Student: 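Take a look at the following structure, please.
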Protein chains: 2
Amino acid sequence: MSRKEEIITTAARLFNEKGYKAVSMRDIATAMDIKAASLYNHINGKQEILSEIILKVAEEFTKGMTNVVAENSSAIKKVEKVIELHIDITVNHSDALAALNNDWMHLEETDLKAFVKMREDYEENFRRIIKQGIEAGEIKPYHPEVILFSILSTLRTLYLWYQKRGKLDVNILKKDMVSVLIKGIV
Amino acid sequence: MSRKEEIITTAARLFNEKGYKAVSMRDIATAMDIKAASLYNHINGKQEILSEIILKVAEEFTKGMTNVVAENSSAIKKVEKVIELHIDITVNHSDALAALNNDWMHLEETDLKAFVKMREDYEENFRRIIKQGIEAGEIKPYHPEVILFSILSTLRTLYLWYQKRGKLDVNILKKDMVSVLIKGIV
DNA sequence: CCTACCGATCGGTAGG
DNA sequence: CCTACCGATCGGTAGG
């Protein structure tokens with residue numbers, strides 16, 4: 001892991017605990033046993049740290065969703081794949097997900113626009129899957145936005161749950177979460 | 001509305017937009033067309049504003065849950081009542097819910113403890129309702145924690161949805177949300 | 001990677 | 001409710 005990557009993972013952990021605005025460059029440096037000024041030999045500023053954390057994991061969601069959409073399978077199967085995608089990313093990047101969920105509004109303009117675009121595209125793809133499922137008679141004809149929101153809100157806050165009760169085996173989580181979220185709409 | 005209440009609702013709106021730490025006392029004062037120093041004639045400090053916002057709405061949840069628990073009805077009926085409680089509070093205090101969800105960790109020690117206690121009690125009551133429902137055969141025997149989490153995560157982020165698509169009639173929201181969240185577990 | 005430092009901004013107070 | 005101000009802390013830079 002490069003020094004830059006060390007800074008980013010340390011920062012992600014602190015941002016998760018206290019939020020981006022409440023963490024100072026001195027906090028990050030102290031956690032690494034160096035001085036704040038030394039951070040600037042590896043990164044351009046605090047904003048850059050935030051954008052690396054958030055955009056990297058946002059791109060993982062984008063790639064994952066692209067794969068799901070390209071699949072030749074039923075809508076329900078696609079929803080299952082999306083749930084699994086969220087669980088996998090949660091397990092591997094739970095600190096980054098805290099920043100993505102809580103601190104995205106502190107991105108600077110260019111990165112903010114890129115992030116919002118990715119999030120909107122992601123939601124639109126998910127919405128289309130749900131609508132296709134309803135049209136095919138696989139999913140109950142509830143208001144699609146309500147279905148989208150209730151599933152997505154659970155998946156988005158999965159990181160909180162994983163951090164508190166991480167002991168529960170990931171496979172149990174995967175199986176039960178799929179059951180609870182899917183069985184309600186089929 | 002007293003001047004103090006004006007400060008609190010103005011602050012809640014700004015905290016919702018940018019987060020507690022990113023909003024300065026000068027920001028709050030400017031939004032009210034006064035100077036920052038004048039705020040201190042009505043409140044003791046920034047911390048007090050945050051704690052009034054969060055603890056007031058936390059107490060509403062506590063009271064509401066107490067009423068639900070005291071009811072003489074089925075577990076499913078109680079879950080429905082909890083969902084309705086969240087929707088009602090979301091409609092009336094959506095700014096405060098943003099602070100409750102995102103800025104609770106910035107409460108000072110005494111208030112932080114009180115808040116965490118209320119949240120834990122609330123979750124425990126909800127957990128008990130779900131377990132009773134499973135024992136009574138009303139709710140499917142999924143892992144109770146997974147059911148609790150998936151419903152609660154949706155209810156907790158309802159304010160985000162309400163703020164984006166508030167146009168959707170509250171009664172439609174109530175009906176469809178109850179359907180989507182409940183039908184999956186019965 | 002460090003010491004030394006800068007201008008800006010913060011929450012808050014004194015005194016009217 | 002205001003002007004004037006304070007000490008602390010912030011992100012960041014210069015120069016080695």
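Everything numeric in this text was worked out from a predicted model, so none of it was measured. So you know, we letter chains A, B, ... as the sequences are listed, proteins then strands, and number each from 1.
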Student: Show me the pairs that pass salt bridge (charged side-chain N to carboxylate O under 4.0 Å, His left out) and involve residues 96-112 of chain A, at least two apart or across chains.
Tutor: A/Glu109-A/Lys113
Student: For B/Asn102, check side chain to side chain donor-acceptor pair (under 3.5 Å) against everything at least two apart and list the hits.
Tutor: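 In terms of side chain to side chain donor-acceptor pair (under 3.5 Å), with neighbours along the sequence ignored, B/Asn102 is linked to B/Tyr159.
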Student: Please list, chain by chain and in numerical order, all residues satisfying side-chain contact (heavy atoms from CB on, under 4.5 Å) with A/Glu48, sequence neighbours excluded.
Tutor: A/Lys4, A/Ile43, A/Asn44, A/Glu52
Student: Let's see if you get this right: which residues in residues 6-20 of chain A place a heavy atom under 4.0 Å from DNA chain C?
Tutor: none
Student: Checking A/Thr9 now: which residues fulfil side-chain contact (heavy atoms from CB on, under 4.5 Å) with it, not counting sequence neighbours?
Tutor: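 A/Thr9 satisfies side-chain contact (heavy atoms from CB on, under 4.5 Å) with A/Met1 once adjacent residues are dropped.
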Student: A/Ile49 CD1 to D/dG11 C1': how many Å, rounded?
Tutor: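 Taking atom C1' of D/dG11 as the reference, CD1 of A/Ile49 is at 11 Å.
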Student: Scan residues 25-37 of chain B for pairs that pass side chain to side chain donor-acceptor pair (under 3.5 Å), counting only residues two or more places apart or in two chains.
Tutor: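 For residues 25-37 of chain B: B/Ser24-B/Asp27.
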Student: Between residues 26-43 of chain B and DNA chain C, which residues have a heavy-atom gap below 4.0 Å?
Tutor: B/Arg26, B/Ala37, B/Tyr40
Student: Restricting to pairs with a member in residues 57-68 of chain A, which pass side chain to side chain donor-acceptor pair (under 3.5 Å), not counting sequence neighbours?
Tutor: A/Glu60-A/His93
Student: Nearest-Å distance, CD (A/Glu48) to P (D/dG11)?
Tutor: 15 Å
Student: Looking only at heavy atoms, what is the nearest atom pair of B/Met105 and B/Leu112, with distance?
Tutor: CA-CD1, 4.3 Å
Student: If I take atom CE in residue A/Met25 and atom P in nucleotide D/dG11, what distance separates them, rounded to the nearest angstrom?
Tutor: 7 Å
Student: Who passes ring pair (Phe, Tyr, Trp, His ring centres under 6.0 Å) against B/Tyr20, sequence neighbours left out?
Tutor: B/Phe15, B/His106
Student: Would A/Glu124 and A/Arg128 pass as an ion pair if we require N to O under 4.0 Å?
Tutor: yes
Student: Given atom CG of B/Leu50 and atom P of C/dG12, what is their separation to the nearest angstrom?
Tutor: 12 Å
Student: Under the side chain to side chain donor-acceptor pair (under 3.5 Å) rule, collect the residues that match up with A/Lys18, sequence neighbours excluded.
Tutor: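 Here no residue qualifies.
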Student: NZ of A/Lys21 versus C1' of C/dG11: gap in Å, rounded?
Tutor: 16 Å
Student: Quick one: the dot-bracket string of DNA chain C, using Watson-Crick and G-U wobble pairs with both distances under 3.5 Å, [ ] for crossing pairs and | for bases paired to another strand.
Tutor: ||||||||||||||||
Student: Sequence neighbours left out, what passes side-chain contact (heavy atoms from CB on, under 4.5 Å) with B/Glu123? Give chain and number order.
Tutor: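 B/Glu123: side-chain contact (heavy atoms from CB on, under 4.5 Å) contacts with A/Lys164, B/Arg119, B/Arg127, B/Leu152, B/Arg156.
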